[in-house]
Amino acid sequence: MPPAPSAAPTPTPTPAAAAAAAARGAAREAAALNAARRSRELERLADRPEVDLLVVGGGVTGTGIALDAAARGLRTVLVERHDLAFGTSRWSSKLVHGGLRYLAKGRVGIAYESARERHVLISRTAPHLVRALPMLLPLHESVGPAQAALTRAGFVLGDALRVAAGTRRGVLPRARRVSRERVLDLAPSVRAHGLRGGQLAYDGQLVDDARLVVGLARTAAREGAAVLTRCAAEELHGRGAVLRDELTGERLEIRARAVVNAAGVWADRLVPGVRLRPSRGSHLVLSGERFGGLRTALTIPVAGALSRFVMVLPQEGGDRVYVGLTDEPLDGPVPDVPTVPQSDVDFLLDVVGDALDTRLTREDVLGSYAGLRPLLESGDGTGSSADLSRRHAVLTSPDGVVTVVGGKLTTYRRMAQDAVDAAVAGGGLAAGQCRTGRLPLVGAGSAAALSRVPAPARLVARYGTEAPEVLGCGAATEVAAGVTEAELAWAVRCEGALDEGDMLDRRTRVGLVPADRERALPAARAALAAASRTTSSPVSPAGPPRNG
């Protein structure tokens with residue numbers, strides 16, 4: 001009998017492969033946010049409280065600023081009173097848009113800036129988080145020839161801006177007119193009666209806005225920034241602040257050569273001279289089953305308004321559809337978590353219902369959310385908030401605090417660049433040039449690279465090249481809405497989640513539907529308990545900031 005074949009020897013990694021693996025491991029460690037790293041960063045600040053730049057606010061603008069500054073070589077600290085993406089940045093339509101709405105109002109400059117920043121996001125910064133989204137405008141009797149022609153002209157101009165921004169047609173196809181039959185094929189729930197065709201355009205859609213913020217924060221940490229959640233800024237001034245650890249109550253005075261206020265709709269609490277007029281944008285969460293296999297987003301005109309639309313936005317996997325949005329001024333104090341009034345629910349259901357073959361009711365609403373836009377007050381404060389400019393503003397107070405307000409999620413990177421430029425000039429800082437236009441976020445990769453990642457497509461869409469590491473963090477058991485136990489463990493170990501809300505309401509977004517949140521809550525608590533029993537994370541916190 002011939003001898004049994006021996007097992008093939010494990011190949012020895014080449015020196016180059018070993019060095020590459022070590023470099024990837026070091027980058028992962030540097031980008032890991034968790035409770036242990038937070039404690040070490042606070043201790044380091046207590047020993048060395050002088051920094052180049054203090055950023056207040058952990059939304060998309062604040063984390064974008066922290067990344068920009070750290071990438072320029074500045075010793076940067078970001079503080080957030082609650083959690084990453086706690087405010088407006090998790091309540092958007094999750095669109096990375098080219099500014100068609102601004103074209104309708106003749107604001108070509110803002111539209112071009114949006115198209116250019118969309119190109120940076122979808123091609124370089126976060127291609128794993130952004131996908132092309134077809135958006136269909138059904139042409140019913142409510143859309144007259146004049147409005148149809150105006151919209152078509154806007155789509156054509158939008159295509160021109162896409163080309164000017166450098167986005168290839170293979171990434172975002174050109175807009176075109178489609179037949180009545182094609183409309184019903186793409187959107188079977190659209191009302192057939194009175195339908196004469198449609199207009200189809202393409203834009204960008206984020207798999208999730210909060211995931212973009214987390215990616216920015218972790219990339220900033222990788223570049224050397226200290227990212228401190230549950231840390232409030234008190235007594236803010238142009239040369240620093242008193243910080244309060246919301247978990248322990250301890251206070252720490254920090255001295256900064258420059259300070260940026262990126263607190264969004266709460267910016268005027270830190271710098272009283274800033275005048276804001278917040279606008280509420282409400283969304284509804286519905287089941288995808290109510291839309292009968294929707295293969296495109298829907299853009300539905302609001303009767304009597306040439307440039308206002310309600311959007312029906314299918315989410316990844318098709319199980320959920322978001323319907324939004326409103327644009328109403330907020331009266332009274334700014335809440336930590338805005339709620340959707342019943343008037344907004346009825347408005348959205350009515351507008352969408354007119355375009356569908358069946359009416360939607362309040363019973364169809366699985367959840368809802370509202371975001372507040374930090375619009376800069378102008379004029380006498382009267383008139384519609386929809387008429388206020390969406391262009392961002394960078395303001396410097398008499399004592400030197402730089403405040404950035406306005407703008408939108410798509411243009412966060414440009415807002416961050418302008419804010420850091422102002423802080424560098426005002427603080428006399430020695431800093432390099434802005435690098436964020438060509439700096440990929442953690443998990444980013446080309447389409448070819450992402451297609452080779454050995455993980456389920458859903459995880460690759462949310463975590464990019466890090467998806468296999470997420471799988472290695474725990475069980476693939478689903479807890480709710482497709483989210484797994486492994487994702488909850490990853491959120492605690494590597495994404496800075498400190499409690500159940502961080503995991504369910506921001507890292508995974510399970511909390512958008514209350515029933516899903518209730519089902520997932522025991523698993524979230526188990527993930528926290530497991531983390532507290534572990535003396536060392538699989539991914540170690542980073543050492544001292546390399547630019548500090």
Side-chain angles (χ1 to χ4, degrees), residues 23-33 37-38 40-58 60-80 84 117 120 124-126 213-228 231 233 238-241 243 254-262 394 396 400-404 412-444 496 541-548:
R24 288 194 297 270
R28 286 194 297 270
E29 290 180 358
L33 297 176
R37 178 170 183 164
R38 178 183 182 277
R40 275 199 281 274
E41 297 283 19
L42 284 169
E43 291 174 1
R44 187 177 298 118
L45 270 178
D47 292 338
R48 186 185 170 193
E50 299 84 9
V51 302
D52 291 325
L53 181 66
L54 170 65
V55 184
V56 181
V60 69
T61 306
T63 53
I65 291 168
L67 172 56
D68 187 308
R72 298 193 199 198
L74 299 177
R75 187 175 187 230
T76 304
V77 173
L78 179 144
V79 297
E80 162 57 46
L84 297 172
E117 293 302 319
V120 173
R124 292 193 291 273
T125 303
V213 176
V214 172
L216 285 165
R218 292 183 59 223
T219 310
R222 185 191 68 194
E223 295 294 318
V227 178
L228 302 171
C231 189
R239 287 295 176 261
L243 306 182
I254 184 171
R255 296 185 291 277
R257 296 178 64 187
V259 176
V260 177
N261 171 17
V394 177
T396 302
V401 175
V402 174
T403 297
V404 56
Y412 82 88
R413 193 202 65 83
R414 182 64 205 210
M415 296 168 65
Q417 179 179 343
D418 290 349
V420 175
D421 284 346
V424 167
L429 300 173
Q433 295 297 310
C434 177
R435 296 173 47 216
T436 54
R438 56 186 184 277
L439 184 63
L441 302 188
V442 291
R546 62 179 176 80
N547 60 8

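Note that the numbering runs from 1 along the sequence shown for the chain.
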Is it true that a side-chain atom of Arg218 and a backbone atom of Gly496 form a donor plus acceptor pair closer than 3.5 Å? no
Positive for side-chain hydrogen bond (donor to acceptor under 3.5 Å, both in side chains) with Thr436, one of Arg413, Arg72, Gln417, Arg124: Arg413
Hey, could you give me the CZ/CG distance between Arg435 and Asp68, rounded to the nearest 0.5 Å? 10.0 Å
Do Glu41 and Arg44 meet the salt-bridge criterion of a basic N to acidic O distance under 4.0 Å? yes
Begin with the C-alpha distance, continue with both residues' side-chain angles, and end with the deciding distance and a verdict on side-chain contact (heavy atoms from CB on, under 4.5 Å) for Ile65 and Leu53. CA-CA 10 Å; Ile65 291 168; Leu53 181 66; 4.3 Å; yes
Mind checking whether Leu228 and Leu45 have side chains closer than 4.5 Å, heavy atoms only? yes
Smallest separation among heavy atoms of Val442 and Ala31, with atom names: CG1-CB, 3.8 Å
If I take atom CG from residue Asn261 and atom OG1 from residue Thr61, how far apart are they, to the nearest 0.5 angstrom? 11.0 Å
Indicate yes or no: at least one non-hydrogen side-chain atom of Val401 is less than 4.5 angstrom from one of Thr403. yes
Mind checking whether Asp418 and Val404 have side chains closer than 4.5 Å, heavy atoms only? no
Closest non-hydrogen contact found for Val120 with Gly437 is CG1-O, 3.7 Å
Point-to-point distance, once rounded to the nearest 0.5 Å, from CD of Glu223 to OG1 of Thr219: 8.0 Å
Please examine the side chains of Val227 and Leu84, heavy atoms only from C-beta on, and report whether any two atoms are closer than 4.5 Å. yes
Worked verdict on Leu67 versus Leu441 for side-chain contact (heavy atoms from CB on, under 4.5 Å): CA-CA 10 Å; Leu67 172 56; Leu441 302 188; 3.9 Å; yes
Side-chain heavy atoms of Val424 within contact of Leu74, under 4.5 Å: yes
Shortest non-hydrogen contact from Leu54 toward Gly240: CD2-C, 4.3 Å
How long is the straight-line distance from CZ of Arg48 back to CZ of Arg75, given to the nearest 0.5 Å? 4.0 Å
